[in-house]
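Report on the following structure.
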Amino acid sequence: MGTKADIPEVDYEKKSSRCCTSTRSCILLIIFGTVGIISGAVVMDIVYDKILEVIVYDMMHLTPSSMIYPEWAEPSIPLTSKFYFWEVTNPDEVFNGGKPALIEKGPYAYDLFVRRDNISNNDNGTISSIPVYTYVFNREKSIGPDTDRFLGVNMPMTSTAYMMRDAPRFIRESMSVVLEELNETMFIDLSVADLLWGYDEPLFKMIHDLFPIEGVDEQFGFLLGYNGTDMNGLFTVYDGKDDVSMLNRIDNWKGKTTVDFWFTDEANMMNGTDGMMWHPFIKKDEKVLDLFHPDFCRTMPYVFEEDETFKGIPMRRYALSPYAYANGSTYPPNEGFCKDDTCAPNGIQRMDPCRFGSPMGMSNPHFLYADPSLSEEIIGLNPDEEKHKNYFLLEPYMGMPYVMRQRLQINMFLRDVQGIKQMGDVRTMYIPAIWFAQEVDVPDNVIKSYELGFQVTALIVEIIKYIMIVGGALMVLAGTTITIVKYYRRTQANQYLNEKEPLLDNKPHPHKKTSKRKQPPSASTRKFKSIAQSETSEASELD
């Protein structure tokens, strides 16, 4: 028989209200916790992207107040130019129609320093400057001093002979006499410094004295007049302040928005940047990035190859397009780069129009990726992607190249010219003369300074993200647990009352006279009833 002592004296109301005063507040706790989890997992990634945009947009524009401006005006990143020369080991055989046997000599390395003079911010969102390049020989990175000598193709003489190919025979024969008087031969012995920075060329002096031509000096050298001068001319690019997608994009060069060397409007277009930087936030679908440099006389397309990392930093690799040196028959848009007999096999592009008619051609070093007919005419070539490919690694958030390998080979077109005996019986071919590589490898200290802002931002956002996820999970867990406990206690209370209430009614004993006055419910019973009524009331309110 139940008695008052049988009922446990537990304060259920007090325990059930420690965390949630009502079922509604518990449900709100679960809702807020769920929102916290979703916000941490999804929204914070969006917030991070927005914070990153603000940081990058503030850094990446070419105005004096931006972080990148001093680095653009005078880069601190080490640049190196390496030059490789082709020595002809069998000149007599080549003169008589044999294949040239070449030996590569190099590298001869120069530290390259760049600064921009006459900087002017324009009202139309552009900035103008004259880039000045200074070369300093680096003996440690070179195989020898720049006084090293080698026997190479005589480019001024062979160019002159080529230009006379369609002249009347008596003029060609007269030119041959002149060349003999000047001791000109198909091959010439020069030093590294001679070929790069210039040497006195008797033929050019004669031409200069007789027929002065703008741009033609009395000397010849691949970089004649470029060391420490403003020979590259005035560049105007977009500053990216109003439209960051236009950052460093070329507006005009020497006041012209196109070049005028080639034969179609498309070929003469100046697209892209000078290669120092592209716009921030390079997208996955940007498969082609253009680069324009006066040395190339044209826009060079670089195509996306793959994602990779450099010193732990995500990069996108872009390489010179396979169709960059293709002829028009293989790639029709390139038809504008050649005409008539200036069209070369795939893998080499003639430069006659921007080199005063000299039959030079540019290609990848060692004729990498070129038509096999080109390398079949030469002994000593060994194309290697690792050494000769033209590419760069781009950090996509800022659009900055962290690794760059710009590689270019200059070749000379040779053929016999009747009446000019200095050309002998040379076979028709393209013979490599020199190739060079401009290399950039961003050092560790620059990487740290560039990436610090991104890493700190990412860390802060990541901490907030996990605080929200963990905090939200705890709120959901607490709200769910308390709701379950409250529901269980309410069920238990109702069940207890249903089972025990008859025992508390003090029914009369068959052998005992009882009082007619009804006994009041015990304190425990009142508490159970209170809990049940409270829970029922809350459930009704939610309904």
Side-chain angles (χ1 to χ4, degrees), residues 71-72 74-86 104-116 131-146 148 192-193 195-197 222-223 226-228 232 248 272-278 289 291-296 300 302-303 305-306 308-311 313 315-321 324 362-366 368-369 382-395 398-410 432-447 450:
E71 189 66 24
W72 171 82
E74 191 164 356
S76 62
I77 298 172
L79 306 175
T80 303
S81 286
K82 295 180 178 179
F83 299 91
Y84 301 80
F85 302 88
W86 290 107
E104 180 184 277
K105 298 188 68 174
Y108 292 91
Y110 289 78
D111 295 326
L112 178 58
F113 301 91
V114 184
R115 74 173 189 275
R116 300 180 190 273
V132 177
Y133 297 90
T134 302
Y135 296 82
V136 178
F137 184 65
N138 189 321
R139 179 64 181 84
E140 293 182 358
K141 294 181 179 179
S142 306
I143 64 166
D146 62 358
D148 282 354
V192 171
L195 191 55
L196 288 179
W197 312 116
F222 279 106
L223 296 177
Y226 276 88
N227 197 359
N232 283 292
N248 202 39
T273 77
D274 61 2
M276 182 174 179
M277 70 179 78
W278 280 263
L289 295 179
L291 185 153
F292 173 83
H293 196 280
D295 290 342
F296 303 150
M300 303 296 280
Y302 285 75
V303 297
E305 283 195 333
E306 61 182 354
E308 60 180 89
T309 59
F310 173 69
K311 298 184 178 180
I313 300 172
M315 297 283 166
R316 291 171 62 80
R317 175 187 281 260
Y318 286 83
L320 186 65
S321 168
M362 62 180 178
S363 69
N364 288 316
H366 290 247
L368 178 69
Y369 306 136
N382 185 26
D384 184 334
E385 278 194 346
E386 185 65 27
K387 297 178 181 178
H388 306 137
K389 190 172 184 177
N390 194 330
Y391 72 94
F392 57 81
L393 301 184
L394 197 72
E395 196 284 312
M398 294 183 294
M400 299 283 290
Y402 277 40
V403 175
M404 178 169 280
R405 297 291 183 269
Q406 282 187 338
R407 292 157 172 165
L408 179 71
Q409 180 170 282
I410 302 299
I434 180 177
W435 74 271
F436 63 88
Q438 184 167 303
E439 299 183 354
V440 178
D441 288 282
V442 173
D444 292 341
N445 64 311
V446 176
I447 289 176
Y450 272 120

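From a predicted model like this one, the values you see are computed outputs, not experimental measurements.
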Do Lys141 and Asp111 have side-chain heavy atoms sitting under 4.5 Å apart?
yes
Could you tell me whether the side chains of Ser76 and Glu71 share a donor-acceptor contact shorter than 3.5 Å?
yes
Is the closest side-chain heavy-atom distance between Leu112 and Thr80 below 4.5 Å?
no
With rounding to the nearest 0.5 angstrom, report the CG to NZ distance, Leu368 to Lys387.
12.5 Å
Apply side-chain contact (heavy atoms from CB on, under 4.5 Å) to Trp72 and Asn248, showing your working.
CA-CA 10 Å; Trp72 171 82; Asn248 202 39; 3.8 Å; yes
Which pair of heavy atoms, one from Val442 and one from Pro401, lies closest together, and at what distance?
CG2-O, 4.0 Å
Nearest-0.5 Å distance that lies between atom CG in Leu223 and atom CG in Leu196
5.5 Å
For Asn227 and Thr134, what are the C-alpha separation, side-chain angles and deciding distance, and is it a side-chain contact (heavy atoms from CB on, under 4.5 Å)?
CA-CA 5 Å; Asn227 197 359; Thr134 302; 3.9 Å; yes
Relative to the ring of His366, is the ring of His388 parallel (under 30°), tilted (30 to 60°) or perpendicular (over 60°)?
parallel
Quiz item: cation-pi between Arg407 and Phe436, 6.0 Å / 45°:
no
Give, for atom CG of Leu393 and atom CZ of Phe310, the distance between the pair rounded to the nearest 0.5 Å.
7.5 Å
Short question: side chain of Thr273, backbone of Trp278 - any donor-acceptor pair under 3.5 Å?
no
Going by atom types alone, do Tyr84 and Gln409 pair a side-chain donor with an acceptor below 3.5 Å?
no
Residues Asp148 and Tyr108: side-chain donor-acceptor under 3.5 angstrom
yes
Can you sort out the partners of Tyr302 under side-chain contact (heavy atoms from CB on, under 4.5 Å), two or more places apart, ordered by chain and number?
Leu291, Met300, Tyr318, Leu320, Asn390, Phe392, Gln406
Write down the atom of Pro294, the atom of Asn232, and the distance for their closest heavy-atom approach.
CG-OD1, 4.2 Å
Run Tyr133 and Leu79 through side-chain contact (heavy atoms from CB on, under 4.5 Å) and show every step you take.
CA-CA 11 Å; Tyr133 297 90; Leu79 306 175; 6.0 Å; no
Interatomic spacing from CG in Leu394 to OH in Tyr391 - rounded to 0.5 Å
13.5 Å
Just so I know, are the side chains of Phe83 and Leu195 near enough to count as touching, which here means a heavy-atom distance under 4.5 Å?
no
Please report the interatomic distance CE(Met277) to CD(Glu395), rounded to the nearest 0.5 Å.
12.5 Å
I'd like to know whether Trp86 forms a side-chain contact (heavy atoms from CB on, under 4.5 Å) with Lys105, so could you lay out the CA-CA distance, the side-chain angles of the two residues, the decisive distance to 0.1 Å, and finally the verdict.
CA-CA 6 Å; Trp86 290 107; Lys105 298 188 68 174; over 6 Å; no
Do Val114 and Val132 come within less than 4.5 Å of each other through their side chains, counting heavy atoms only?
no
Do Ser142 and Pro107 have side chains that get closer than 4.5 Å, going by heavy atoms?
no
Under 4.5 Å between any side-chain heavy atoms of Trp435 and Phe85, yes or no?
no
Carboxylate-amine/guanidinium proximity below 4.0 Å for Asp441 and Arg405:
yes
The reported gap from CD in Glu305 to OG in Ser321 (rounded to nearest 0.5 angstrom) is 10.0 Å
Any side-chain heavy atom of Phe292 within less than 4.5 Å of one from Asp274?
no
Under the ring-ring contact (aromatic ring centres under 6.0 Å, His included) test, residues paired with Tyr135 that sit two or more places apart:
Trp197
Check whether any side-chain heavy atom of Glu74 lies under 4.5 Å from a side-chain heavy atom of Phe113, and answer yes or no.
no
